[in-house]
Engineer: 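Following this message is one structure expressed as structure tokens.
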Protein chains: 2
Amino acid sequence: MRLLLVEDDRRIAADVERALSAAGYVVETVRNGEDAWFRGDTEDYGAIVLDLGLPGMDGLAVLKRWRANGRAMPVLILTARGSWAERVDGIDAGADDYLAKPFRMEELLARLRSIVRRSVGQASSRIVAGDIELDERQMKVTLRGVPVALSPLEYRLIAFLLRHRGRVVSQQELEENVYGHGEDHESNALEVLVGRVRKKLGAGLIETRRGFGYLISDTTP
Amino acid sequence: MRLLLVEDDRRIAADVERALSAAGYVVETVRNGEDAWFRGDTEDYGAIVLDLGLPGMDGLAVLKRWRANGRAMPVLILTARGSWAERVDGIDAGADDYLAKPFRMEELLARLRSIVRRSVGQASSRIVAGDIELDERQMKVTLRGVPVALSPLEYRLIAFLLRHRGRVVSQQELEENVYGHGEDHESNALEVLVGRVRKKLGAGLIETRRGFGYLISDTTP
DNA sequence: TGATCCACGTCAGCAATTTGTCAGGTTGAT
DNA sequence: ATCAACCTGACAAATTGCTGACGTGGATCA
């Protein structure tokens, strides 16, 4: 599988490139935003590993332009700072996953495998789980074919759970990704939100794992 | 895919022809403006590579006459210098992309792929959505066949939304593309603009996705 | 030069929606 | 049975987007 690596730090680039090659990928590397944008827009890659701290065009901007042009390949973001706000920005911009530097090469490979698997399994920006269907391009959720009106937070919640369907997502993680911060648990806002989504999408969809978090089970083979 | 190459320099023509053939295109070559115009006007090509520095009829003039006759194939312009004025002229004349000499063959191929992909994705410079129709070459919008007078900003707004129909466009993104800057949201100018366009084109066309942005749904698959 | 028109930004008010909070209920593990 | 975790309905506050009215500046034309 062919990958694009976008990384300006030569040392890191070389390391990652070696690891990816060893793992059997064909890797092409670029070092700045413009090149990245052009390559990503004109070539077909199985996945893209994108550093955010780039010279020239900013990594997020590159990603947004790809998505704006309808390019749907899986993108894994690397960022120096482990800031949650940045993570949310990245996901909103259309990233499929995110990894904070420094990272272990095994983890990079694992996450890469994961997003690639997800993308080949899906081939589009639509996720189906049981009765409901999510179209990320249109930000539209349908229940048995009927469109459901969701508020921004409700949408973010269900989108995150669906993207991570098949595993338990902790309240902490959900909060960080829905609200963009990990406030202390002084409020039950998230629980209320879950309740509202359940009311709109049916009670059976989001399961509660008492003490652990929430789960949408994966029903797509 | 069948291509027309318009290039008077025999050496360059031969090089490009070889590269394009190797890439799997069927290439026809002409060396002057008159022939180019005739071929482009009477034959159907998947794309045209057009040198601007031609003997006889000038490349830009050829392009303009094609467009005036309603020919909509993607055209990639080659120009001797990376002159900005020439680029703007080319884009205005209806070119889809441009490339400054000297160039690397890979880049030519990539840009060609890009404009071809764009054109098959869109089939023409006309976009239809519901009752309304946009002709980008003529910068003309009609509602149920009746031309609608739009101001420059109104046109840019509707054109951007139509080009990206089928997905939600955020206010931020819309602002950047309509006004050319991403000012802080201290004004509701964009909302007012949307209102004005709605008044002219009907309220149902542009949907509001509260908290996310605007959307024109894609009704032409 | 002045009259007029048009595009467009600004503003204020409105209506609808969204969202946090709170005060009880339920539930499930031990 | 008990307790923490979780759910739910109600409510008020905050946000968001829409609209009509108005003002300004630039272009056009007499």
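Throughout, a chain's letter reflects where its sequence line sits, starting with A, and its residues are numbered from 1.
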Engineer: I want to check one thing: is the phosphate of dC18(D), taken as OP1 and OP2, less than 4.0 Å away from some side-chain N or O of T208(B)?
Structural biologist: yes
Engineer: Quick check for you: among dG9(C), dC7(D), dC11(C), whose closest atom lies nearest to any side-chain atom of L153(B)?
Structural biologist: dG9(C)
Engineer: NA contact type, L193(A), heavy-atom cut-off 4.0 Å: base, sugar-phosphate, or nothing?
Structural biologist: nothing
Engineer: If the cut-off is 4.0 Å, is Y179(A) near the phosphate of dG20(C), judged by side-chain N/O to OP1 or OP2?
Structural biologist: yes
Engineer: Measuring from the side chain of S151(B) (C-beta onward, heavy atoms only), which nucleotide among dA7(C), dG9(C), dT21(C) has the closest atom?
Structural biologist: dA7(C)
Engineer: For dT18(C), does either OP1 or OP2 sit under 4.0 Å from a side-chain N or O belonging to Y155(A)?
Structural biologist: no
Engineer: Any donor-acceptor pair, under 3.5 Å, between the side chain of N188(B) and the base of dT19(D), if you only look at N and O atoms?
Structural biologist: yes
Engineer: Any side-chain N or O of K199(A) less than 4.0 Å from the OP1 or OP2 oxygen of dG9(D)?
Structural biologist: yes
Engineer: Can you work out whether E154(A) or P152(B) has the more 5'-proximal nearest nucleotide on DNA chain C?
Structural biologist: P152(B)
Engineer: Can a donor-acceptor pair under 3.5 Å be found between the side-chain atoms of R210(B) and the base atoms of dT18(C)?
Structural biologist: no
Engineer: With rounding to the nearest 0.5 angstrom, report the CG to CG distance, L50(B) to L78(B).
Structural biologist: 7.5 Å
Engineer: Applying a 4.0 Å non-hydrogen cut-off, can you work out what R198(A) is touching in the nucleic acid: base, sugar-phosphate, or nothing?
Structural biologist: sugar-phosphate
Engineer: Taking only N and O in the side chain of S187(A), is any of them less than 4.0 Å away from OP1 or OP2 of dT21(C)?
Structural biologist: yes
Engineer: Classify the side chain of R196(A) and the base of dG20(C) as holding, or not holding, a donor-acceptor pair under 3.5 Å.
Structural biologist: yes
Engineer: For dC6(D), does either OP1 or OP2 sit under 4.0 Å from a side-chain N or O belonging to Y214(A)?
Structural biologist: no
Engineer: Under 3.5 Å, side chain of R156(B) to main-chain N/O of V178(B), donor-acceptor pair present?
Structural biologist: yes
Engineer: Please answer whether the main-chain N or O of I206(A) pairs with a side-chain N or O of R198(A) as donor and acceptor at a distance below 3.5 Å.
Structural biologist: yes
Engineer: Would you say Q171(B) reaches dT16(D)'s phosphate, i.e. side-chain N/O to OP1/OP2 under 4.0 Å?
Structural biologist: no
Engineer: If you apply the rule salt bridge (charged side-chain N to carboxylate O under 4.0 Å, His left out), what do you find for R167(A) with E173(A), and how did you get there?
Structural biologist: CA-CA 12 Å; R167(A) 80 173 174 86; E173(A) 188 181 355; 2.8 Å; yes
Engineer: Any base atoms under 4.0 Å from V194(B), or only sugar-phosphate, or nothing? Heavy atoms, all strands.
Structural biologist: nothing
